[in-house]
Engineer: 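Before I ask anything, here is the structure I am working with.
When a residue number appears, it is its place in the shown sequence, counting from 1.
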Amino acid sequence: LGILMFLYWDPKFTNACRVLDTHIKKFVDKAINFRASAKPTEMKDSLLSIKKLYVFLEELAKDTSDRKFLRDQLAGNLAAGRDTTASLLTHTFWLLARHPHALQTLRTEVAELQGELPKYDQLNSMTYVRWVLNEGKPIENYVHLPAFNTFADTDFQHLDCIPLFP
């Protein structure tokens with residue numbers, strides 16, 4: 001729908017956005033409180049401290065107290081993780097559909113679990129599963145930037161540049 005999205009109201013989507021905002025707001029509030037309570041020397045030296053863990057949102061809060069910016073950065077990182085995982089799984093299933101012998105070998109290895117969820121050490125010992133997931137990693141990233149839209153025909157033939165997406 002693009003710019004006409006405001007004409008379509010979906011209560012499920014609106015509720016999902018509200019839940020996400022409520023959840024993210026807790027972390028943004030924590031980061032803002034960290035910024036307010038931290039001394040300038042702590043903020044400056046926290047990256048140099050080995051004892052302190054690196055917290056992405058706290059590091060962003062050192063530079064800004066803009067709640068919208070912090071929220072957008074956190075939501076963007078959550079979405080990036082979801083999209084890349086979906087990309088990996090989609091490409092892996094596509095490859096398995098094209099190579100039934102690989103799918104059968106994978107099923108044989110997974111069947112050794114006898115319907116139980118694998119423990120961490122069991123998962124590490126499943127070499128064929130690891131090989132399939134490594135092979136399924138796409139060489140080209142399928143999570144592209146938002147598409148560029150034009151309102152009129154555009155001709156880029158006169159530019160000597162490499163296209164962003166092949």
Side-chain angles (χ1 to χ4, degrees), residues 1-2 5 8-35 38 42 46-64 67-149 162-166:
L1 291 176
M5 184 64 187
Y8 177 73
W9 182 74
D10 182 3
K12 289 181 183 177
F13 176 75
T14 305
N15 188 40
C17 289
R18 190 174 300 120
V19 168
L20 180 68
D21 284 340
T22 303
H23 189 66
I24 288 179
K25 184 181 182 302
K26 297 174 197 173
F27 294 101
V28 170
D29 289 343
K30 269 181 148 177
I32 297 293
N33 291 339
F34 166 79
R35 179 183 171 87
E42 287 177 2
S46 71
L47 281 178
L48 303 175
S49 172
I50 296 173
K51 295 178 183 175
K52 180 161 173 37
L53 294 175
Y54 178 85
V55 179
F56 173 70
L57 210 51
E58 286 179 2
E59 296 302 322
L60 284 176
K62 290 178 185 178
D63 295 330
T64 183
R67 289 180 180 279
K68 183 177 178 342
F69 176 77
L70 294 172
R71 180 219 173 273
D72 291 347
Q73 291 298 315
L74 190 56
N77 278 304
L78 289 173
R82 183 209 63 210
D83 289 347
T84 51
T85 302
S87 174
L88 167 68
L89 291 175
T90 301
H91 192 247
T92 301
F93 288 137
W94 181 80
L95 287 173
L96 288 171
R98 293 180 55 103
H99 301 281
H101 62 283
L103 178 60
Q104 186 57 43
T105 307
L106 182 65
R107 282 184 172 171
T108 303
E109 187 174 66
V110 172
E112 293 173 7
L113 295 172
Q114 299 173 348
E116 297 290 324
L117 289 176
K119 304 280 188 262
Y120 181 76
D121 57 334
Q122 288 175 314
L123 198 55
N124 278 337
S125 68
M126 298 175 82
T127 54
Y128 201 77
V129 170
R130 190 171 49 242
W131 292 344
V132 167
L133 291 175
N134 285 339
E135 192 67 29
K137 291 178 189 173
I139 294 172
E140 177 186 340
N141 187 7
Y142 290 115
V143 182
H144 293 300
L145 298 172
F148 296 99
N149 297 324
I162 299 172
L164 186 59
F165 303 112

Engineer: Apply side-chain hydrogen bond (donor to acceptor under 3.5 Å, both in side chains) to Lys68 and list each qualifying residue two or more places apart in sequence or on a separate chain.
Structural biologist: Asp72
Engineer: Tell me whether Thr64 contacts the main-chain N or O of Ala61 through its side chain, where contact means a donor paired with an acceptor under 3.5 Å.
Structural biologist: no
Engineer: Does Thr105 reach the side chain of Glu109, with side-chain heavy atoms less than 4.5 Å apart?
Structural biologist: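 They are not in contact (no side-chain heavy atoms under 4.5 Å apart), so the answer is no.
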Engineer: side-chain contact (heavy atoms from CB on, under 4.5 Å) with Tyr128: which of Leu106, Leu133, Thr108?
Structural biologist: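 Of all the options given, the one that passes is Leu106.
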Engineer: Side-chain contact, heavy-atom cut-off 4.5 Å: Gln114 with Glu112?
Structural biologist: no
Engineer: Would you compute the distance between atom CG of Leu103 and atom NE2 of His101 and round it to the nearest 0.5 angstrom?
Structural biologist: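 Going from CG on Leu103 over to NE2 on His101, the span is 10.0 Å.
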Engineer: Parallel, tilted or perpendicular, judged at 30° and 60°: which one describes the rings of Trp94 and His91?
Structural biologist: parallel
Engineer: Is the NE2 atom of His23 crowded by more than 12 outside heavy atoms at less than 6.0 Å?
Structural biologist: no
Engineer: Between Thr92 and Glu135, is there a side-chain heavy-atom distance shorter than 4.5 Å?
Structural biologist: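 Side-chain contact under 4.5 Å: no.
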Engineer: Would a distance-only check, ignoring hydrogens and angles, find a side-chain to backbone donor-acceptor pair under 3.5 Å from Gln73 to Leu70?
Structural biologist: no
Engineer: Starting at CZ of Arg107, measure out to CG of Leu96 and round the result to the nearest 0.5 Å.
Structural biologist: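 Answer for the CZ-CG pair, Arg107 versus Leu96, is 9.0 Å.
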Engineer: Which residues satisfy the side-chain hydrogen bond (donor to acceptor under 3.5 Å, both in side chains) test with Asp10, sequence neighbours excluded?
Structural biologist: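 Residues passing side-chain hydrogen bond (donor to acceptor under 3.5 Å, both in side chains) with Asp10: none at all.
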Engineer: Is it the case that atom CZ in Arg130 sees more than 12 heavy atoms from other parts of the structure closer than 6.0 Å?
Structural biologist: yes
Engineer: Identify, with sequence neighbours excluded, every residue that meets side-chain hydrogen bond (donor to acceptor under 3.5 Å, both in side chains) alongside Arg67.
Structural biologist: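 side-chain hydrogen bond (donor to acceptor under 3.5 Å, both in side chains) list for Arg67, sorted by chain: Asp29.
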Engineer: Enter the distance from Leu113:CG to Gln122:CD here, rounded to the nearest 0.5 Å.
Structural biologist: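 That separation rounds to 5.5 Å.
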Engineer: How far apart are the closest heavy atoms of Asp21 and Arg71, and which atoms are they?
Structural biologist: OD1-NH2, 2.5 Å
Engineer: To the nearest 0.5 Å, what is the distance between CG (Asn33) and CD (Glu58)?
Structural biologist: 10.5 Å
